[in-house]
Amino acid sequence: MHWSDVVAQRLAERGKKHIVSTGITPSGEFHIGHLREILTGDMISKAAKKAGLDVEFVFIVDSADPLRKVYSFLDDSYSAYIGHQLKQIPPPNEFGMPDLERFSNGVSYADHFLEPFKEALTQIDVHPRFIDNFDSYANGEFAETARQACNNADKIREIIERVSGRQLADDWFPWNPIDSNGSIDGIRVNGWEDPLVHWTDSEGRLGTSDVTKGEGKLPWRVDWPAKWAWIGVTMEPFGKDHGAAGGSFDTGKEIVELFGVKAPLDLTYEWISLRGKGAMSSSSGNTIGPLEALSLVPPEILRYLVASTKPNKAIEFDTGMGLVNLADEFERTTARDFSLEMEKEGLSRRQIVAIEDAKTAVELSCISEKEEASLVTFRHLALLAQTKSKDEDVWESLGLSESVSQAMTDRLQRMRTWIQSKHFPDELRITILEQPDSDAIGLLDDQNMKVLPDLTASLRTCEWTVKEIQSAISSAASNNEIAPRSVYRALYLCIMGRERGPRLPTILVELDRDSILSLLDACIQAKKES
RNA sequence: GGGCCUGUAGCUCAGUCAGGUAGAGCGUCGGGCUUUUAACCCGAUGGUCGCGGGUUCGAACCCCGUCGGGCCCGCCA
């Protein structure tokens with residue numbers, strides 16, 4: 001059974017109505033790691049729906065969280081905003097400086113980072129109900145849980161200290177009010193009169209906040225279970241950082257019972273790292289944004305990456321050859337006839353499970369109902385895009401000149417972006433040698449050498465068109481009674497320094513004949529001398 | 001200190017939850033395809049399942065131990 005169906009089955013055992021929740025703090029650039037959170041939630045929701053459950057998928061934007069520190073991409077002037085809520089501070093401009101003009105037009109720091117992520121979600125066909133945490137506090141959604149938390153401050157303190165093994169400060173209180181400057185740092189709560197907290201801020205000023213009006217927020221370890229309670233969350237996937245023993249899930253599942261609610265079903269997932277570069281980290285700049293990823297990778301393949309990997313497995317995101325292999329695998333899997341495979345006699349339980357998993361992974365990956373049959377493989381498109389600069393020539397080569405779908409146009413556009421990026425693997429890059437490659441020359445065998453002079457002569461005189469070049473190659477093969485394969489091998493070794501390669505005549509015709517001929521002559525000469 | 005994940009073919013991994021004759025893709029090798037989509041088709045190759053115990057008629061799988069790798073435990077998905 002696919003992992004999403006396993007979760008759906010567990011949900012079915014618990015009841016009929018479910019809310020699957022995910023959430024992210026918009027403190028900086030989103031990256032593809034965040035995509036795993038939301039895709040995991042999306043896929044669980046789809047599986048639950050398939051199982052006949054009444055399920056809603058929500059995405060909580062933790063815009064009430066304070067700015068923790070001046071991140072590397074921010075200007076030092078942001079230090080004035082440390083401790084201020086992300087929805088209440090200005091967005092950075094291109095230099096990392098606070099952009100007060102956009103702020104005055106209603107764009108907050110949180111919005112600045114959230115908007116591109118929302119765009120990426122649309123592209124990968126994820127459509128959750130968005131819940132803005134800051135607004136939820138302001139609208140009084142947290143009123144009940146906040147009061148309960150404050151009335152049970154001692155119990156909550158006991159849970160956190162016992163479960164996490166951490167010693168809380170003497171003045172710890174399950175409500176962080178906002179001081180006279182707008183910060184939740186350095187403020188001391190010194191009284192609680194339901195629903196008001198009395199406080200002293202870092203400058204010694206006294207104040208009062210009403211917890212039912214969102215004048216402040218619950219600290220993270222209380223905020224999370226409070227959200228489960230008021231939203232009615234029954235399932236939440238989260239990163240392994242929250243899943244550690246004594247982590248926020250462990251304390252949350254006890255705290256939430258003070259609100260009279262059962263903890264949601266949990267699922268801890270592993271992180272995504274960049275191949276050879278370690279974990280994603282916005283601060284180190286070691287990151288690929290969702291939109292950048294989508295400019296290279298078709299959305300269904302990004303979905304497939306998450307769908308086909310069990311949540312507890314770490315994903316290494318590879319923007320080079322790994323991407324080609326992934327795309328190839330996706331295309332192969334999509335093309336399989338699963339019902340036919342299932343009819344086969346004598347399948348072991350394992351084989352059946354493998355077929356089911358592959359089938360479900362494809363279903364969860366496809367964006368639209370009618371995913372058009374793949375007209376061209378990822379690899380082939382990579383070749384065409386490199387050898388043909390005009391889109392029309394690509395379509396013609398694929399026999400698509402009549403009507404080209406938007407999906408195909410998008411794919412070609414992505415391919416061109418990828419080819420121009422630093423991520424495109426050398427292995428797929430078509431390179432034409434200028435000088436004979438000595439290693440390649442060494443690989444030329446007797447048959448290759450036998451046919452090369454004849455071939456060179458034909459190429460010197462034939463018309464420089466695809467058809468004539470092709471015919472020159474094949475007649476060189478038949479005249480010398482050797483397989484065409486061998487002739488191609490000779491050409492690849494001489495021109496590209498490899499034993500195999502893409503369809504040659506179409507590439508040759510776009511190159512300068514004289515330089516190719518002199519390259520071939522040089523190769524023959526070099527081989528003879530060796 | 002507490003905890004999680006991980007170790008299976010040259011490579012990437014599935015299979016471990018529900019024990020029942022070791023799997024896939026890629027690679028490699030051979031053959032086919034009388035003008036190759038780095039294609040396609042057919043065949044072959046390849047593993048003391050990290051190691052040691054235990055339970056069992058039977059263990060890659062369950063239990064105990066051990067070694068190696070990655071990671072989490074203020075905040076981070």
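Letters A, B, ... mirror the listed sequences (proteins, then strands); counts begin at 1. Just so it is clear, the values below take in all heavy atoms, side chains as well, and ignore hydrogens, waters and symmetry mates.
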Side-chain (Arg36(A)) to main-chain (Glu270(A)) donor-acceptor, under 3.5 angstrom: yes

Under 4.0 Å from OP1 or OP2 of rA14(B): is there any side-chain N or O of Lys313(A) that close? yes

Nearest-Å distance once atom C1' is located in both rU6(B) and rU66(B): 16 Å

With the side chain of Thr25(A) defined as its heavy atoms from C-beta on, choose the nearest nucleotide among rA77(B), rG74(B), rU35(B). rA77(B)

Just checking Ile473(A): base, sugar-phosphate only, or nothing, at a heavy-atom cut-off of under 4.0 Å? nothing

Atom pair distance, as rounded to whole Å: CZ in Phe249(A) and P in rC72(B): 21 Å

Using a cut-off of 4.0 Å on non-hydrogen atoms, how would the nucleic acid contact of Lys467(A) be classed: base, sugar-phosphate, or nothing? nothing

Strictly by Watson-Crick or wobble contacts shorter than 3.5 Å, is anything paired with rA24(B), and which nucleotide is it? rU12(B)

Is rC61(B) paired to anything, Watson-Crick or G-U wobble with both distances less than 3.5 Å, and if yes, which nucleotide? none

Do NZ/NE/NH1/NH2 and the carboxylate oxygens of Asp42(A) and Arg303(A) come within less than 4.0 Å? yes

From CH2 of Trp271(A) across to P of rC73(B) the rounded distance in Å is 6 Å

Audit row: Ile32(A), Ile315(A), side chain to side chain contact (heavy atoms under 4.5 Å, CB included) steps and yes/no: CA-CA 11 Å; Ile32(A) 52 166; Ile315(A) 292 178; over 6 Å; no

When you compare rG69(B) with rG27(B), how far apart are their C1' atoms, in angstrom units rounded to a whole number? 24 Å

Identify all pairs in which a protein N or O lies below 3.5 Å from an N or O of nucleotides 22-30 of chain B, and state each distance.
from: rG25(B); atom 1: O2'; to: Arg332(A); atom 2: NH2; distance (Å): 2.9

If you define the side chain from C-beta out and look only at heavy atoms, does anything of Trp3(A) sit under 4.5 Å from Asp357(A)? no

Just how far, in rounded Å, is P of rU6(B) from CD1 of Ile315(A)? 14 Å

Taking every non-hydrogen atom, the tightest pair across Pro128(A) and Ile38(A): CG-CD1, 4.3 Å

For rA22(B) versus rG58(B), give the span between their P atoms, rounded off to a whole number of Å. 15 Å

Just jot down the salt bridge (charged side-chain N to carboxylate O under 4.0 Å, His left out) partners of Asp437(A), sequence neighbours excluded, or say none. none

When we call it a touch if two heavy atoms are under 4.0 Å apart, what does Arg36(A) touch: a base, just sugar-phosphate, or nothing? nothing

When you compare rG23(B) with rA9(B), how far apart are their C1' atoms, in angstrom units rounded to a whole number? 10 Å

Do the ring centers of His242(A) and Trp220(A) come within less than 6.0 Å of each other? yes

Using the P atom on both, measure rC67(B) against rG52(B) and round to a whole Å. 15 Å

If the condition is salt bridge (charged side-chain N to carboxylate O under 4.0 Å, His left out), which residues does Arg460(A) pass it with, not counting sequence neighbours? Asp521(A)

Report the distance from atom CD of Gln167(A) to atom C1' of rG1(B), rounded to the nearest whole Å. 17 Å

For atom OH of Tyr71(A) and atom C1' of rC75(B), their distance in whole Å: 7 Å

Tell me: CG of Asp266(A) to P of rA77(B), nearest whole Å? 18 Å

Taking 4.0 Å as the cut-off, does a side-chain nitrogen or oxygen of Lys310(A) come that near to OP1 or OP2 on rG15(B)? yes

Starting from P on rA77(B), measure out to NE2 on His34(A) and report it in whole angstrom. 4 Å

Please give the distance between the C1' atoms of rC13(B) and rC73(B) as a whole number of Å. 29 Å

Using a 4.0 Å heavy-atom cut-off, does Ser164(A) contact any base of the nucleic acid, only the sugar-phosphate backbone, or nothing at all? nothing

Any Asn312(A) side-chain N or O less than 4.0 Å from OP1/OP2 of rU6(B): yes

Over how many whole Å does the gap from Glu270(A) atom CD to rG7(B) atom C1' extend? 15 Å

Contact nearer the 5' end of RNA chain B, comparing Val6(A) with Gly246(A): Val6(A)

Which atom names give the shortest non-hydrogen contact between Cys494(A) and Leu520(A), and what distance separates them? CB-CD2, 3.6 Å

In terms of the nearest nucleotide of RNA chain B, which residue is placed more toward the 5' end: Pro505(A) or Gln386(A)? Pro505(A)

